[in-house]
Protein chains: 2
Amino acid sequence: MSGIRALQKEKTRRQLIDAALGQLSSERSFSSLSLREVAKEAGLAPTSFYRHFSDMDELGLTLVDEAGLTLRQLMRQARQRIEKGGSVIQISVHTFMEFIENNGNIFRLLLRERSGTSPAFRAAVNREIRYFTLELCDYLQQANKLDAEVAYLQANAAVTIVFSAGSDALDCDRKDLEELALRTIKQLRFIARGAFEFGLRGDVRKRSRGETK
Amino acid sequence: MSGIRALQKEKTRRQLIDAALGQLSSERSFSSLSLREVAKEAGLAPTSFYRHFSDMDELGLTLVDEAGLTLRQLMRQARQRIEKGGSVIQISVHTFMEFIENNGNIFRLLLRERSGTSPAFRAAVNREIRYFTLELCDYLQQANKLDAEVAYLQANAAVTIVFSAGSDALDCDRKDLEELALRTIKQLRFIARGAFEFGLRGDVRKRSRGETK
DNA sequence: AATTTCGGTGTACACATGTACGCTATTTTA
DNA sequence: TAAAATAGCGTACATGTGTACACCGAAATT
């Protein structure tokens with residue numbers, strides 16, 4: 001089992017994946033791609049598609065997985081930058097904006113399929129976003145010593161705001177991008193501040209109810 | 001021009017609109033509908049479609065307009081309830097959740113076309129959401145006497161959070177809905193609180209810079 | 001009353017789609 | 001080395017699509 005065959009197979013599988021990614025654009029969603037188009041772009045006969053995926057859906061789910069992977073790489077980048085010092089919020093937002101400039105179509109894929117017509121796709125995207133949120137939640141809990149529930153609510157809200165800003169960024173002139181980032185940062189500060197205040201109050205309430213026993 | 005003819009025309013136009021709305025579901029987006037399907041559902045020959053819309057796109061934009069209208073009715077409902085007393089945030093969230101339970105497919109339409117493949121659709125949806133946001137912004141500015149920028153940022157963030165919660169609600173069991181609403185309310189309180197704090201600080205800064213001249 | 005307008009129909013066509021089927025050439029296995 | 005497996009190809013077909021065109025009958029206009 002040297003694999004000269006399996007190797008070639010893996011290669012054309014990638015060609016299919018890349019072909020699909022390459023066809024995505026602001027005016028072309030994954031669900032508007034046809035099996036034939038993708039196969040042609042990959043330099044394959046339509047029927048050869050089936051040697052690699054049973055379905056366009058199966059290809060699509062693969063793409064979502066790749067997108068999730070890219071997202072997680074992104075987070076690692078952000079953490080590296082943070083370790084070198086700087087505002088967490090500011091760095092996170094800028095990292096995300098760079099991601100969108102470089103991977104607009106991948107982000108579009110996530111945005112679109114999250115509200116798309118396939119339950120499987122929706123679940124896959126939501127899973128990726130949940131990972132993303134939970135990692136942020138952990139960070140907040142540790143770094144800011146927040147109540148678990150408050151930390152989760154803050155993480156969830158922050159991710160929502162950032163994704164929405166990313167969505168806006170996709171239809172933005174580059175010159176407006178900086179301003180959008182600034183607004184987003186301020187909104188995240190609102191949330192952080194509010195979470196902090198309520199986190200304290202939450203503690204107080206619990207203690208006054210004797211829940212620390 | 002009595003209009004017995006124009007009347008009938010308006011009627012079948014409505015049939016087309018309703019037919020399209022009727023076909024929408026969690027597994028069927030507007031862009032996946034075909035002209036023929038819609039015409040058939042409306043009891044029309046395919047070619048008759050053109051007597052009313054030049055395009056499926058034109059129908060779609062009409063649907064988005066209707067959705068926006070429904071959204072604004074919703075806001076009036078919310079205001080009525082608020083005048084009778086109660087927490088603004090709580091009532092707004094519950095009103096929105098009711099909207100989604102009753103008009104899931106209309107909300108899906110907005111969600112999907114906002115990130116869809118047609119620039120015209122995206123613009124139309126964003127316009128509706130902007131109206132929605134600006135009215136909330138006005139309210140916040142008046143009721144809470146906030147700085148204009150802070151009020152806008154808060155309104156924008158709040159709408160984002162609520163829409164996102166609405167999106168989650170679409171894939172929710174009814175039993176989890178209440179909990180989702182509670183979480184959303186808390187998140188909105190974070191934002192309101194944060195905006196309030198920063199609103200104060202913002203004032204202070206501006207004054208110390210002599211910007212009140 | 002004669003003419004025009006127009007909402008609706010049915011036919012027809014070119015085109016794109018998914019996929020079943022059989023074939024070939026090459027790698028893998030026995 | 002013989003046999004089996006398999007990636008890829010080409011053909012073929014049924015189905016759904018948008019829409020051009022000619023036509024009809026009733027309402028509107030003159």
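We name chains A, B, ... by the order of the sequence lines, and we start the count at 1 in each one.
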TODO: Indicate the ring-plane relationship of A:Phe99 and A:Phe107, choosing parallel, tilted or perpendicular according to the 30° and 60° boundaries.
DONE: perpendicular
Measure from the side chain of [X], starting at C-beta and using heavy atoms only, and say which of [options] lies closest.
{"X": "B:Lys9", "options": "C:dG7, D:dG8, D:dA7", "value": "C:dG7"}
{"X": "A:Arg5", "options": "D:dG8, D:dC9, C:dT28", "value": "C:dT28"}
{"X": "B:Leu44", "options": "D:dT11, D:dG8, C:dT9", "value": "C:dT9"}

Rounded to the nearest angstrom, tell me the gap between atom [atom1] in [X] and atom [atom2] in [N].
{"X": "A:Glu10", "N": "C:dT27", "atom1": "CD", "atom2": "C1'", "value": "17 Å"}
{"X": "A:Leu7", "N": "D:dA7", "atom1": "CG", "atom2": "P", "value": "13 Å"}
{"X": "A:His52", "N": "C:dT19", "atom1": "NE2", "atom2": "P", "value": "16 Å"}
{"X": "B:Ile4", "N": "D:dT29", "atom1": "CD1", "atom2": "C1'", "value": "15 Å"}
{"X": "B:Tyr50", "N": "C:dC6", "atom1": "OH", "atom2": "C1'", "value": "18 Å"}

TODO: Decide, yes or no, whether a salt bridge links A:Arg79 with A:Glu83 under the criterion of side-chain N to carboxylate O below 4.0 Å.
DONE: no
TODO: Using the side chain to side chain donor-acceptor pair (under 3.5 Å) rule, collect all pairs that involve residues 111-127 of chain B, keeping only residues at least two apart or in two chains.
DONE: A:Asp171-B:Arg122
Open item on the list: Among residues 14-41 of chain A, which ones have heavy-atom contacts with DNA chain C below 4.0 Å?
Closed with: A:Ser34, A:Leu35, A:Arg36, A:Glu37
Open item on the list: For the CZ atom of B:Phe49 and the OG1 atom of B:Thr12, what is their distance to the nearest 0.5 Å?
Closed with: 11.0 Å
TODO: Nearest 0.5 Å please: distance from the OG1 atom of A:Thr133 over to the CD atom of A:Gln154.
DONE: 12.0 Å
Open item on the list: Assess the residue pair A:Phe190 and B:Phe198 against the criterion (ring pair (Phe, Tyr, Trp, His ring centres under 6.0 Å)); give the C-alpha distance rounded to whole Å, side-chain angles, the decisive distance to 0.1 Å, and a yes or no.
Closed with: CA-CA 7 Å; A:Phe190 288 178; B:Phe198 277 84; 5.7 Å; yes
